[in-house]
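Comments concern the structure below.
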Number of protein chains: 2
Amino acid sequence: MTAASAKSFQALGDPTRRAIFEKLEKGPLSVVHIAEGMEVSRPAVSQHLKILKEAKLVTMEQEGTRSIYRINQKGIELMLKYLDRFWDDALVSFKKVAEETEKRKTK
Amino acid sequence: MTAASAKSFQALGDPTRRAIFEKLEKGPLSVVHIAEGMEVSRPAVSQHLKILKEAKLVTMEQEGTRSIYRINQKGIELMLKYLDRFWDDALVSFKKVAEETEKRKTK
DNA sequence: AATTACGGTAAGTGCAAACTTACCATAAAA
DNA sequence: TTTTATGGTAAGTTTGCACTTACCGTAATT
């Protein structure tokens, strides 16, 4: 497989990294701001951010001494495309109809 | 954040589980068939299947002594919905335009 | 009834990876 | 220029988890 999305899935597989990722949903943040209120240390956050960056889930830009991180659409796109391969609209609607039929039977 | 999708991301974060998941893309398979050609033992595959099932990424149905596994759309749906929160069409098209503009400049 | 195929689980092992503390470099403030 | 804020990285520890072997139960063959 060796898909480009592998790193993204591995990255979001960790709960702490998902928490960081979700913190960036509202907008860009510096490292100290991200670490603020989290239950892990600031260096741990730095290490996670490195992994998220390599997974194309965040980008970083320097502003003086501050490192501003924001969500990167690229990684999300990779994951969406991967999942789309397994997504079958027809099957879902078929299952829904089947479930409804089952409900009517048991009533 | 305790989202329903947490287990799904954790499950697909592992490369071996992604390999199993991808094997089921073409259709339902028994455990021995899934394990066939993989570099891990059959019990390992069983353990992974349990996790994938709890993550709503596969379903199982018994056929005699055989356990037939197939892809479950539910888990995929959970992940797609989660990622959609971070997906910003406007931002992507804006970035594309910006990149194109940049290209023209450097030409 | 004996054998074979299938697969779930228990118990134990080993390693990757998520942490910590300590340290250093850089840029902004004082 | 001294101090403070910021954050990356090195080194070491610990712990979770992916794996193995061993075992057992059940259903289909023979």
Side-chain angles (χ1 to χ4, degrees), chain A residues 1-3 5-24 27-72 75, chain B residues 1-3 5-24 27-72 75:
Chain A
M1 50 147 271
T2 340
S5 60
K7 281 189 180 181
S8 308
F9 278 104
Q10 208 128 11
L12 278 198
D14 179 76
T16 307
R17 280 194 289 268
R18 270 200 310 283
I20 291 172
F21 190 65
E22 287 163 18
K23 267 208 168 188
L24 295 174
L29 286 173
S30 69
V31 178
V32 280
H33 266 95
I34 295 168
E36 208 165 47
M38 298 207 74
E39 57 207 5
V40 295
S41 69
R42 200 263 314 151
V45 170
S46 261
Q47 288 160 18
H48 282 306
L49 283 167
K50 188 181 181 179
I51 292 168
L52 286 169
K53 190 151 71 88
E54 283 166 357
K56 297 188 195 302
L57 285 165
V58 302
T59 59
M60 188 269 269
E61 84 183 293
Q62 206 70 254
E63 279 188 16
T65 61
R66 264 164 250 193
S67 299
I68 308 298
Y69 284 86
R70 69 187 72 222
I71 284 177
N72 184 3
Chain B
M1 68 142 298
T2 345
S5 59
K7 281 188 179 180
S8 308
F9 278 103
Q10 207 127 12
L12 280 197
D14 180 78
T16 307
R17 280 193 290 269
R18 270 200 309 282
I20 291 172
F21 190 65
E22 286 162 18
K23 266 208 168 185
L24 295 174
L29 287 173
S30 70
V31 178
V32 280
H33 265 94
I34 295 168
E36 208 165 47
M38 298 208 74
E39 58 207 5
V40 296
S41 69
R42 202 262 316 146
V45 171
S46 262
Q47 289 161 17
H48 282 307
L49 284 168
K50 187 182 183 181
I51 292 167
L52 286 168
K53 189 150 71 88
E54 284 167 355
K56 298 188 194 301
L57 284 165
V58 303
T59 59
M60 188 268 271
E61 83 183 293
Q62 206 69 253
E63 278 188 16
T65 62
R66 264 165 251 194
S67 300
I68 309 298
Y69 284 86
R70 70 187 69 221
I71 283 177
N72 183 5

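Since this is a predicted model, take the numbers as computed values, not measurements. Residue numbers start from 1 in every chain, and the chains themselves are labelled A, B, ... in the order their sequence lines are given, proteins ahead of strands.
Take the nearest nucleotide of DNA chain C for Ile68(B) and for Glu39(A): the residue whose nucleotide is more 5' is Ile68(B). Where His33(B) and His48(A) meet DNA chain C, the nucleotide closest to each residue was compared, and His33(B) sits on the side nearer the 5' end.
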Atom pairs, protein N/O to nucleotides 8-10 of chain C N/O, distance under 3.5 Å:
residue, atom, partner, partner atom, Å
dG8(C), OP1, Ser67(B), OG, 2.7
dG8(C), OP1, Tyr69(B), OH, 3.4
dG8(C), OP2, Ser46(B), OG, 2.6
dG8(C), N7, Arg42(B), NH1, 2.8
dG8(C), O6, Arg42(B), NH2, 3.0

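Between Lys7(A) and Ala55(A), the closest heavy-atom pair is O-CB, 3.5 Å. When every heavy atom of Ala6(A) is checked against every heavy atom of Arg18(B), the shortest pair comes out as CB-NH2, 3.6 Å.
A straight line from CD of Gln10(A) to C1' of dA17(C) spans 10 Å, rounded to a whole angstrom. Put simply, CG on Asp14(B) is 7 Å from C1' on dA18(D), counting in whole angstrom units. Atom CD of Glu36(A) is separated from atom C1' of dA5(D) by 13 Å (rounded to the nearest Å). The interatomic distance linking Ile20(A) (CD1) with dA18(C) (C1') rounds to 11 Å, in whole Å. When rounded to the nearest whole Å, the span between CD1 of Ile51(B) and P of dC17(D) equals 8 Å. The interatomic distance linking Met38(B) (CE) with dT20(D) (C1') rounds to 16 Å, in whole Å. Atom CD of Glu63(A) and atom P of dA29(C) are 12 Å apart (whole Å). If you take CD of Glu61(B) and C1' of dA27(D), they are 16 Å apart, rounded to a whole angstrom.
Between the side chain of Asn72(A) and the backbone N or O of Lys56(A) there is at least one donor-acceptor pair closer than 3.5 Å. A donor-acceptor contact shorter than 3.5 Å links the side chain of Arg17(B) to the backbone of Ala11(B).
Among Val58(B), Leu24(B), Asp14(B), the single residue meeting the side chain to side chain contact (heavy atoms under 4.5 Å, CB included) criterion with Leu52(B) is Val58(B).
For the pair Ser41(A) and dT20(C), the criterion of a side-chain N or O lying under 4.0 Å from OP1 or OP2 is met.
Comparing dC17(D), dC19(D), dG7(D) against the side chain of Thr16(B) picks out dC19(D) as the nearest. Listed nucleotides dT20(C), dC6(C), dA18(D) differ in distance to Arg17(B); the shortest reach to its side chain belongs to dA18(D).
Counting only heavy atoms from C-beta outward, the side chains of Tyr69(A) and Leu29(A) never approach each other to under 4.5 Å. Residues Arg70(B) and Glu61(B) meet the side-chain proximity criterion, which asks for heavy atoms closer than 4.5 Å.
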